[in-house]
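Both counts, for ligands and for their atoms, begin at 1 and track the order of listing.
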Amino acid sequence: MTTGTPADDPIPLVDLRAAHAEVAEQVREGFDRVLATGAYIKGPDVGAFEQEYAAFSGTRHCVGTANGTDAVELALRALELPPGGGVVLPANTFVATAEAVVRAGLRPVLVDADPEHLLIDPARVAETLEADGGAVAAAAAGRDGRPGRITALLPVHLNGQLAPMRPLLDLAAEYGLPVVEDAAQSQGATQHGRPSGSWGRVAATSFYPGKNLGAYGDAGAVTTSHDALADAVRLIGDHGSGRKYLHDRFGFNSRMDTLQAVVLRAKLRRLPAWNAARRAAAARYHALLADLDTLTLPRTLPGNEHVWHLYAVRIHPGRSRDAILAALHEAGIGAGIHYPVPVHLQPAFRSLGHGPGSFPAAEQAARELLTLPLFPQITEAQQTRVAETLAKALTRTS
Ligand SMILES: *Cc1c(COP(=O)(O)O)cnc(C)c1O
């Protein structure tokens, strides 16, 4: 056990060893069980985890995948949208959201975030849908009526809180579009009491090690209450095969490993308590940082229960974020930037044709955000040290 935090003890952005310590025994027992049977792919623990995670998400089905990017792609492929169709997603997300759209043979249609919560802005989505032809034209043409029309909405539940789902579902209903949730950063979060992953027709999540529910390698899942979509995801992610060596449709390989399912089952039991600990830690940062007027603290959208995947403050213009980040690193504090370059300014997505200035809120967030260490086991002493170091750095760089 640690007995305090000496001034030079590193404070990581995320402490995966502390989480492992809590589940180590259960994981070891589970690994022994899997090693004894040799069922490394689609073993019994995968099915058990899928049931447990579906129950946790308030959906009928969960299908394990090899990672979260595949989960987004599989969710989109299962919907059988017209090839080249547009999929609306926020410009300020991890690049995987946009990658999965391209991989599914669809076209990313980026929109800006609401500058206060940094979640996809329904007003911008509405404008984009109107510019795409409007509701009346959409109904007249049908979704396949014109190539490249918008065919789905893909909101991202960024940093641990849900995008504004009611207005987005209203728009989706008006335009006859399915909603796919990117729930990679929001395991256990709710909006008006309804869980992340249960709002859209289908949802994708990631169990990358650093996520709130993290595996010991890559893993992901799709959740849905539509039987046919769950079947399609399972089929496409298993070489299009429902029966051994018979391939009913074209697919690829994206399945969950049994060893990862063992880890995820052990951690899922602790996730509600871990998310509560994250909320307590976020509240502590709010209190510790409230008086710093050169910072903007992260805001929670009304109706959301946040799970604080990331606690990201905004450094006001005129302060050097680079210098502040360097000062934190110098003091052994693993602060980070999520994400320094929005999707539309990534060289890989240059072909979308958006220059600087296209999405001002996303661009400003990319310039200002600074993520502080936050994980369920972070101590008050560690947070106090982060806050004091940050305050000092802000004065020095003023
Ligand atoms: C992590 C993440 C993904 C992709 O997950 P991987 O498991 O790393 O493939 C997708 N979308 C968002 C928003 C993410 O944060």
Side-chain angles (χ1 to χ4, degrees), residues 13-14 16 49 53 62-77 87-104 106 108 110-111 113 117-120 152-163 165 168 179-189 196-197 199-200 202-223 233 237 252-257 260-261 263-264 267 278 298 306-312 336-344 346 348-349 362 365-366 369 371 374-375:
L13 186 64
V14 181
L16 297 180
F49 172 72
Y53 197 73
C62 166
V63 181
T65 64
N67 58 69
T69 313
D70 283 3
V72 181
E73 178 182 347
L74 284 162
L76 290 166
R77 284 189 182 277
V87 178
V88 176
L89 66 133
N92 61 324
T93 180
F94 180 55
V95 72
T97 317
E99 277 171 355
V101 171
V102 176
R103 292 268 316 235
L106 301 163
L110 302 178
V111 299
H117 304 97
L118 303 183
L119 298 164
I120 188 170
L153 305 185
L154 176 51
V156 176
H157 303 324
L158 199 71
N159 291 357
Q161 66 173 330
L162 272 74
M165 293 310 289
L168 292 172
V179 174
V180 180
E181 300 170 69
D182 182 336
Q185 303 191 358
S186 58
Q187 291 111 0
S196 155
W199 285 82
V202 57
T205 194
S206 162
F207 305 121
Y208 174 81
K211 299 284 157 80
N212 285 36
L213 180 61
Y216 292 174
D218 279 313
V222 172
T223 54
V233 167
F252 59 100
N253 175 6
S254 183
R255 302 169 301 218
M256 183 182 281
D257 291 346
Q260 301 305 345
V263 174
L264 293 170
K267 287 189 166 186
R278 285 174 183 270
H306 208 308
V307 293
W308 298 102
H309 172 58
L310 297 177
Y311 188 93
I337 292 173
H338 300 87
Y339 301 93
V341 181
V343 172
H344 66 288
Q346 296 287 353
F349 286 90
L369 284 173
T371 307
L374 189 145
F375 44 89

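- Side-chain polar atoms of Thr65 and Asp70 form no donor-acceptor pair below 3.5 angstrom.
- For Ala152, the side-chain contact (heavy atoms from CB on, under 4.5 Å) test picks out Leu81, Val87, Pro178, with sequence neighbours left out.
- Residues with a heavy atom under 4.0 Å from ligand 1: Asn67, Gly68, Thr69, Thr93, Phe94, Ala96, Thr97, Val156, Asp182, Ala184, Gln185, Ser206, Lys211.
- The side-chain contact (heavy atoms from CB on, under 4.5 Å) check on Ala219 picks up Phe207, Ala215, Met256, Gln260, Leu264, with sequence neighbours excluded.
- Inter-residue side-chain proximity for Leu118 and Asn92 is flagged as met; some heavy-atom pair is nearer than 4.5 Å.
- Thr205 and Gln187 are linked by a side-chain donor-acceptor pair at a separation below 3.5 angstrom, with hydrogens and angles left out of the test.
- By the side-chain contact (heavy atoms from CB on, under 4.5 Å) test, Ser206 is found to be paired with Ala184, Tyr208, Lys211, residues two or more places apart in sequence or in another chain being considered.
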